[in-house]
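First listed ligand is number 1; within each ligand, the first listed atom is number 1. In what follows, residues are counted from 1 in the order of the sequence shown.
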Amino acid sequence: MGRIRVLPDQVANKIAAGEVVERPASVVKELLENSLDAGATDLRIEVESGGRRLIRIVDDGCGMLRDDALLAFERHATSKLRDVKDLLSIATLGFRGEALPSIASVSRLLLETRSAEEPTGTRIEIAGGKMLRCEEAALGGGTAITVRDLFYNVPARKKFLRTEQTELAHIASLVTHYSLAHPDKRFRLGSGPNELLSVTPVASMKERVYQVFGSQILDDLVEIGLRERDLFLPPPSVPPSQAIAEYQSEPDEPPARRFRLSGFFSRPQVQKANRNSIYIFVNGRLIRDRLVMHALTSAYHNLIPPAAYPFALLFLECDAEEVDVNVHPSKTEVRFRHGNFVHDFVRDTLRERLMESRPAPSFSPAPAAMRTPSVQPAAALPYSEFSQMIEDAEGAEASLRAAGPAPAEPAGEVMPEYVLRPAVGPSPRLDFSAPPIEVAPGPPPSGKLSSRRLDMHGEFPPDAIPAPETSLSALSDLRPLGQIHESFIIAAGRDGLWIIDQHVAHERILFEQVLKQRAAGRVETQRLLMPLILTLTPEQQIDYARIADELTASGFETEPFGNRTIAVKSAPAAVPAPDLERILFEILETAEGEMRGASLDDLRRNICASIACRAAIKINMRLDFAKMEWLLKALAATDCPMSCPHGRPIAMHYSTREILKAFHRM
Ligand code: ADP
Ligand code: MG
């Protein structure tokens, strides 16, 4: 790496200004990027108290010369950029020359570094931006940076930090994903005495995915391989005489820019509640990008519900001139020079790979337990239907394009680092092969409307219209009439007609039941014949440690079982055994992200909701009358019969008044 220089003002002024140090994970990100830029192949990160007390990164990169080490703490001092035109093609992760001075101004920082070009190294100590010490030191090659007591001198900033666990999870997620982007390097992450991640160099990204997530996840993923597409630029406009001369001497194709896409993304049956499992790297840089995100979601258009998200690890490589990284101070956003081209390349590639990987034959209403935490299984989807959907989606998009510009995500919906949407399970698709309606051969409705007041002309005397019912009391004497599509119960009530979603109704009943059992400390459990062994990611490991007691209290007997592995020995009796693995990952997923700051009560309710969702009767399931009656009674007895634990409505009501109005009888 070249020598460090302070950027001239006219360059410095062109750099996206702003704060880079928001939280411990942003310090780790900047230091990690510096180590990678320095060509390190072995990166060791240690943190204490979620990075608040200590962050230490040791690398075996090129190190710094003595003079450079001092200069590195000046604002806009960088070895990665010289002049304005370099800003157009940035090949390194860093370029702003601001990270080290910014970090040093809000912490106690120790830099130890030695370049191979010098016989001794340098040790520099800075606190709150003030140089305390700078001395020659006998050091090995590479760089070690120790950051202690982050924000010790800016209490206002310290207040905004989340819990140690949350900050640690952000760090773990970051390091994990950088390790995925660099399978040829060694990464270790330790938190106090605990090793959270340790991966040795491997030859392929697939092996790294295996190291980080375990083997089972690979079954749920489609590997992109390496896909390329060339963008042909129009030839530069040159004077006609010269153009003719060039044409004669060099009858070449117009200049092309090559884009490459590689990585992994999930099959449609993996459905996640938020975007936390989508990682996009552009030229090795982890970014949040709406354009690529939109391309990804349009590749899944009609394949997964709009509220669900896939797992994706995408690596896009292109000429440095094709992407402007100087957009945001934390370098997490980019601007593509040819955005439409990039969008279509990503979308088409993913869609092609989805088609080629023929996910359909193995689809079943209850797919084998998935390694990745997911929301709910997609229902059976024959391949023919699957490809038809893709064609439809393409057709729909083509017409959209013809109609105007590509639909953008709603403004303001920039991908936050951690979004937690309520884990609304995408509904399994209805199976329309079932008879549309089944009517009960049961007793004739005893309702007060049945025959009595309809006179000869069919007039309905106004005084016969029942008073609108409050939903709670109304539910208590519903009579089931039958099912439609073996999914929705049709019932008559004192005031009109009701349609009840059988799955969510049962979910609500079970949810309250499980919650009550949990509160009374009497959760019915079943022992597994064989313990179920699960491999966790470093992030899940952190969440697991935090919620382990709550899991036990909810009926999941688990214990740590070696490195990032847990053994599940028993589970709540209500949970069907094949769903156990998925449910546990689902619980870990909801425990993730912003939920880390949530209360124990929220966590408990989430666990109960997951159990209830798995144990509840499904749609496309025939119910006999006794079951329907039981279900409606039990629903009426719940505290909150109108919405499921995820917030979905349970019942639709057509009041007598509405029915009469619709038939022009009032
Ligand atoms: P930037 O990365 O934008 O150049 P930084 O403030 O992060 O700015 O770093 C300033 C300079 O310090 C870098 O340009 C680089 O020359 C040097 N540097 C920082 N970290 C390391 C490291 N781990 N190994 C070698 N050099 C480093
Ligand atoms: Mg940097």
Side-chain angles (χ1 to χ4, degrees), residues 1-8 11-22 25-46 55-83 86-87 89-107 109-118 121-124 126 129 131 134 139-147 174-175 178 182 185-187 283-287 320 325-332:
M1 195 178 290
R3 302 287 309 263
I4 298 182
R5 289 199 223 158
V6 176
L7 292 173
V11 185
N13 292 340
K14 294 217 157 46
I15 287 177
E19 197 44 71
V20 286
V21 190
E22 283 164 37
S26 32
V27 173
V28 175
K29 177 174 184 287
E30 293 295 336
L31 298 182
L32 209 56
E33 290 187 346
N34 279 347
S35 297
L36 291 167
D37 279 344
T41 57
D42 187 348
L43 302 97
R44 164 138 197 93
I45 301 109
E46 285 161 48
I55 296 170
R56 180 172 161 82
I57 301 200
V58 184
D59 72 44
D60 64 346
C62 67
M64 290 180 240
L65 297 167
R66 160 73 63 90
D67 295 348
D68 281 356
L70 274 170
L71 211 52
F73 292 95
E74 296 288 328
R75 278 239 128 78
H76 298 304
T78 178
S79 55
K80 304 171 193 175
L81 206 68
R82 288 280 120 110
D83 52 37
D86 291 346
L87 270 176
S89 58
I90 294 166
T92 48
L93 296 168
F95 58 88
R96 308 174 70 241
E98 286 203 303
L100 289 184
S102 303
I103 299 167
S105 68
V106 292
S107 66
L109 186 146
L110 175 71
L111 164 72
E112 293 163 295
T113 186
R114 183 166 79 85
S115 149
E117 292 167 42
E118 285 180 338
T122 310
R123 181 176 292 132
I124 291 179
I126 300 180
M131 178 87 64
C134 171
L139 297 169
T143 302
I145 296 186
T146 313
V147 176
L174 189 93
V175 178
Y178 267 102
H182 298 272
K185 300 184 185 215
R186 176 168 194 193
F187 286 83
N283 289 344
R285 184 189 304 281
L286 180 60
I287 57 149
V325 293
N326 184 23
V327 176
H328 191 269
S330 63
K331 300 168 290 178
T332 48

Would you mind checking if Arg56 and Glu112 are paired as a salt bridge, meaning a charged N to carboxylate O distance below 4.0 Å? yes
- Query: Heavy atom of Gly61 under 4.0 Å from ligand 1?
  - Reply: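 False for this residue.
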Query - contact_flag Glu30 ligand 1 heavy-atom lt 4.0 Å - result: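 No; Glu30 lies far enough from ligand 1 that no heavy-atom distance drops under 4.0 Å.
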Judging by distance only, is a nitrogen or oxygen of [X] under 3.5 angstrom from one on ligand 1?
| X | value |
| --- | --- |
| Gly94 | no |
| Lys80 | yes |
| Met64 | no |
| Ala99 | yes |
| Gly97 | yes |

Checking heavy-atom distances from atom 23 (N) of ligand 1 to each of Leu36, Asp59, Leu7, the winner is Asp59
Which heavy-atom pair separates [X] from [Y] by the least distance, and what is that distance?
| X | Y | result |
| --- | --- | --- |
| Ala69 | Thr113 | CB-CG2, 4.1 Å |
| Gly121 | Arg114 | N-CD, 3.4 Å |
| Gly129 | Ile126 | C-CG2, 3.5 Å |
| Gly284 | Leu93 | O-CD2, 3.6 Å |
| Leu7 | Leu81 | CD2-O, 3.5 Å |

Just which atoms of ligand 1 are under 4.0 Å from any heavy atom in [X]?
| X | answer |
| --- | --- |
| Thr78 | 1 (P), 4 (O), 14 (O) |
| Phe95 | 1 (P), 3 (O) |
| Ala77 | 10 (C) |

Worksheet entry | Distance criterion under 2.8 Å: protein N/O/S atoms around the Mg ion (ligand 2) |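 Under the 2.8 Å cut-off, the count stands at 1.
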Can a side-chain donor-acceptor contact be found between Arg285 and Thr332 if the only test is distance below 3.5 angstrom?
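No, Arg285 and Thr332 have no side-chain donor paired with an acceptor closer than 3.5 Å.
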Exercise. With sequence neighbours left out, write down each residue that passes salt bridge (Lys or Arg N to Asp or Glu O under 4.0 Å) with Arg44, or none if nothing qualifies.
Key: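 Scan of Arg44 (salt bridge (Lys or Arg N to Asp or Glu O under 4.0 Å), adjacent residues dropped) gives Glu46, Glu195.
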